[in-house]
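A note on names: the letters A, B, ... follow the listed sequences, proteins ahead of strands, and every chain is numbered from 1.
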Amino acid sequence: MSARDNILAKLRNAPRSAPVEPDVAAHFERFGPRWNEVEALRHWATMMRSVKTDIVWCTESDWPQRLAEQVKARPIRSLLLARQTPHGALAHTALEHNPLLQLKTFDRMVDDWKDELFNDTDAAFTVVRCGIAATGTLVLWPDADEPRTMSLVPPTHFALFDTRTLHADFHTAMTSEAWPNGMPTNALLVSGPSKTADIQLTLAYGAHGPRDLVVLAVLPPHLSADQLKDAA
Amino acid sequence: MSEQQTITLYPSRQFKDNARAALKDGELRQSLRTAMDYLMAKRLSAFSDGDELETLRTLGETIRQRCLAKLPELLEKLEAQLTANGVQVHWAETTEQANEIIHGLIARRGGTLAVKGKSMVSEETELNHYLEARGVTAVESDMGEYIVQLAGEKPTHIIMPAIHKTKAHIAQLFHDKLPDTPYTEDVDSLIRIGRNALRDLYLKADVGLSGVNFAVAETGTLCLVENEGNGRMCTTVPDMHIAITGIEKVVEKLTDVVPLYSLLTRSAIGQPITTYFNMISSPRKPGEKDGPREVHLVLLDNGRSQAYADEQLRKTLQCIRCGACMNHCPVYTRIGGHAYGTTYPGPIGEIISPHMLGLENTKDLPTASSLCGACGEVCPVKIPIPEMLMRLREEEQRPAGEVVAHPLRGQGAAHTGKEALAWRTWRGLFGQPGAYKLFGWAATRLRGLTPPGQLGWTQNHVPLKPAAKTLHQLVRERDAARR
Ligand code: SF4
């Protein structure tokens, strides 16, 4: 018998009683947050800022400009973006006039340029699938246009977040978007830049992933940054 | 493994000596006390609503029990789903088999360098040594694990592997072991040194190894919880990713991970969420430009099916490895993880290690507890750890020859003739009124003869001495006085 058969046979031989069915949905129904749009956004921002995330409130029309300003304010010499996507094209247009900045696209297999990606790419710009208010989280589903390493390897990650996609909690995000029906190669929850407290419990940012996470949070027309100003 | 002679050492057999040595190490005790106080306070602040905490713990317990009740079916479903997604699944009954499978996969592509994300199961199989002996270097990339590996030690805590080290220790270690590294105690600088040392290795590594926090049968998804990003590096950058996990880590539905993940991060480090929750469902698909082209999952038994066989002991497998039980354990806090001599220290180690190593190699662990109950009270999936400890005490005292429905490996390991005789005598005295009376009569009269030194007892306690009157006498006298 194979190891598989042996293990399964041992498990099947054990006495088993019918399990109680847990009600996950009822738990979040009862304890899940009840916020209006502004409260949810404020909470999301407070949580993200508490783990050293920079949030830049933007509008549908001004985010490329705000991105350009953020890039300019930092010592960034090269930035990776997906020019073939609509948001990537807009970002490209806003950034291409910066003479100090080299723009790159992920147009080959990673295997062909790992060295350059690791050692000579300061930042990357990607879109966010949705957000989670309760924990201050961005959800990323990397794809062929914006591969997995874009939000991982370069030291600074700029993330474009449409705040209308903010969910109250993880359970709502997963169920309302029907994740159980089909998961991508990689789905990610990101809550801040990488960090560690492995040395004497002292918190330090920039462990192995990005040191800086900058979110361009695009507000719908009926909301203004002023309404969110006092989010800590 | 044929060409090599395996020598198996069981440091857990030296638990008492190890514990004594650890108790004398003032610096270690200081580090542990500070760290555990901090982690306990953090956990408490992450569960500000007691009602929510209790409901969530019950939910976590119910989910884990439901998953365990369907374990064989869920493992098959997980395998089918992962296979359909393009992930290859392997099964190992023993640590040896698991190591062989992993080495075989690496050798097939002529690999010599593996980067590792945190995986306690690979510690359990001693994978690093196994690979090292066969020409494959396995480098730990979690900061804490990296420090411990560089120091030639083993993790002392399942969540915080280097919790026993001060920044001065680490500064000296980096200075001694890493080329051109100046001595610095600045934590940011130390982290930067670690980051730089490892970054190059991600690039060069042939294989990335990782553990798994939850394996979802419904979608064929491997979930990894981390803060540092090293787990993402190991599972994204090298061309092959091998994950290893225990068979109990499977959950049925994707929504099951939501409450379990929340319980895990809040119980472990008091964080509402970790920086990354990495959900992997397939290797690189056609058209995708990065990610490993091959993903493998190794499912390890190593004694888990023994715990599973018994409905009471099965609860051990509900564990989500948060480490809260050790953070709250008065024994762990005083001696640290190394003293246990097992991969999993503290209360969870005391109840899981006997299944992995046999009671004959872990016989001091079920008694390495004051049964204060703190572990069971904080466990996010409500494992009744003290109850498990008492059951294991029973099993290690049960005569080796006694036939029971689910014998444990090493049954009777702590059984001694002397102790058995003492209990038999005790039972004889308490079972027969005449004998009990006679014993009481003799004890109250001969009490002056009790020796001042009473073996281990008088090391820390005043000598035991029978009272001048038996309880029966006292009650009789009281009743007479009332009348
Ligand atoms: S036994 Fe409970 S408290 Fe201990 S590590 Fe496992 S889940 Fe956490």
Side-chain angles (χ1 to χ4, degrees), chain A residues 2-4 6-8 10-22 24 27 31 47 51 106 108-111 114-115 118 135 137 143-144 147-149 152 170-171 174-175 179-180 183-196 198-202 204 206-209, chain B residues 35 38 52 55 59 62-63 65-66 69 71-72 91-93 97 143-144 160 162 166-167 170 187-188 190-191 195 198-199 203 218-219 221 227-230 232-233 236-237 247 253-256 258-259 272-273 275-282 285 287-291 301 305 308-309 311:
Chain A
S2 66
R4 177 185 187 277
N6 284 339
I7 294 171
L8 289 174
K10 278 190 227 166
L11 299 179
R12 286 221 169 82
N13 275 337
R16 291 192 273 166
S17 25
V20 177
E21 198 52 44
V24 177
H27 178 86
F31 291 101
M47 294 299 283
V51 286
F106 212 123
R108 297 155 279 171
M109 289 288 167
V110 71
D111 319 74
K114 261 188 200 175
D115 252 313
F118 268 78
T135 47
T137 301
D143 57 15
R148 295 161 68 173
T149 42
L152 174 64
F170 188 16
H171 186 257
M174 185 183 276
T175 49
W179 292 18
M183 289 291 279
T185 303
N186 183 217
L188 272 173
L189 267 54
V190 176
S191 307
S194 74
K195 62 176 181 286
T196 181
D198 271 357
I199 300 184
Q200 232 183 311
L201 293 165
T202 311
H208 298 280
Chain B
Y38 174 83
E52 190 253 359
T55 320
L59 181 63
T62 324
I63 291 175
Q65 287 183 347
R66 188 248 275 132
L71 187 58
W91 303 69
E93 284 184 274
Q97 280 176 11
M143 269 320 160
M160 300 268 173
T166 61
K167 51 189 175 188
I170 297 162
V187 172
D188 279 322
L190 288 170
I191 295 297
R195 175 186 168 104
L198 285 160
R199 228 169 142 78
L203 263 178
E218 179 179 35
T219 51
T221 302
N227 278 320
E228 296 186 3
N230 65 307
R232 286 183 66 197
M233 285 283 186
T236 310
V237 180
I247 50 172
K253 300 175 186 172
L254 195 62
T255 46
D256 289 343
V258 179
I273 194 163
T275 304
Y276 301 118
F277 188 61
N278 185 5
M279 309 171 87
I280 300 164
S281 301
S282 87
K285 292 194 187 100
E288 291 176 347
K289 301 191 191 79
D290 66 5
D301 180 347
S305 53
Y308 191 82
E311 280 193 284

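Between the OG1 atom in B:T275 and the CG atom in A:L188 there is a gap of 12.0 Å [rounded to 0.5 Å].
For the pair B:A69 and A:S17, the tightest heavy-atom approach, listed with the atom from each and the gap, is CB-O, 4.0 Å.
In summary, B:K289 and A:D111 do not engage in a salt bridge, as defined by a charged side-chain N under 4.0 Å from a carboxylate O. Ion pairing between B:R66 and A:E21 holds under the 4.0 Å rule for side-chain N and carboxylate O. Using a cut-off of 4.0 Å between Lys/Arg side-chain N and Asp/Glu carboxylate O, A:R148 and B:E288 are scored as not salt-bridged.
When heavy atoms are compared at a cutoff of 4.5 Å, A:N13 does not approach chain B at all. In this structure, the portions of B:S305 lying under 4.5 Å from any heavy atom of chain A include both its backbone and its side chain. The part of A:F31 that comes within reach of chain B is its side chain, from C-beta onward, which places non-hydrogen atoms under 4.5 angstrom from that chain. If you measure heavy-atom distances from B:Y38 to chain A, the contacts under 4.5 Å come from the side chain alone. With a threshold of 4.5 angstrom between heavy atoms, A:V20 approaches chain B through its backbone and through its side chain. Both the backbone and the side chain of B:L71 come within less than 4.5 Å of a heavy atom of chain A. Contacts between A:M174 and chain B at a heavy-atom distance below 4.5 Å involve the side chain alone, from C-beta outward. Only the side chain of B:T219 has a heavy atom closer than 4.5 Å to any heavy atom of chain A. Of the atoms belonging to B:A35, heavy atoms from both backbone and side chain fall under 4.5 Å from chain A.
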Before you tell me yes or no, could you show the steps for A:T196 and B:N227 under side-chain contact (heavy atoms from CB on, under 4.5 Å), namely the whole-Å CA-CA distance, both residues' side-chain angles and the distance that decides it to 0.1 Å?
CA-CA 6 Å; A:T196 181; B:N227 278 320; 5.9 Å; no
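The residue among B:Q97, B:E93, B:R232, B:R199 with the most heavy atom pairs within less than 4.5 Å of chain A is B:R232.
Without hydrogens or angle criteria, A:Q200 side chain to B:K167 main chain gives a donor-acceptor distance under 3.5 Å.
The side-chain heavy atoms of A:T185 and B:I280, taken from C-beta on, include no pair separated by under 4.5 Å.
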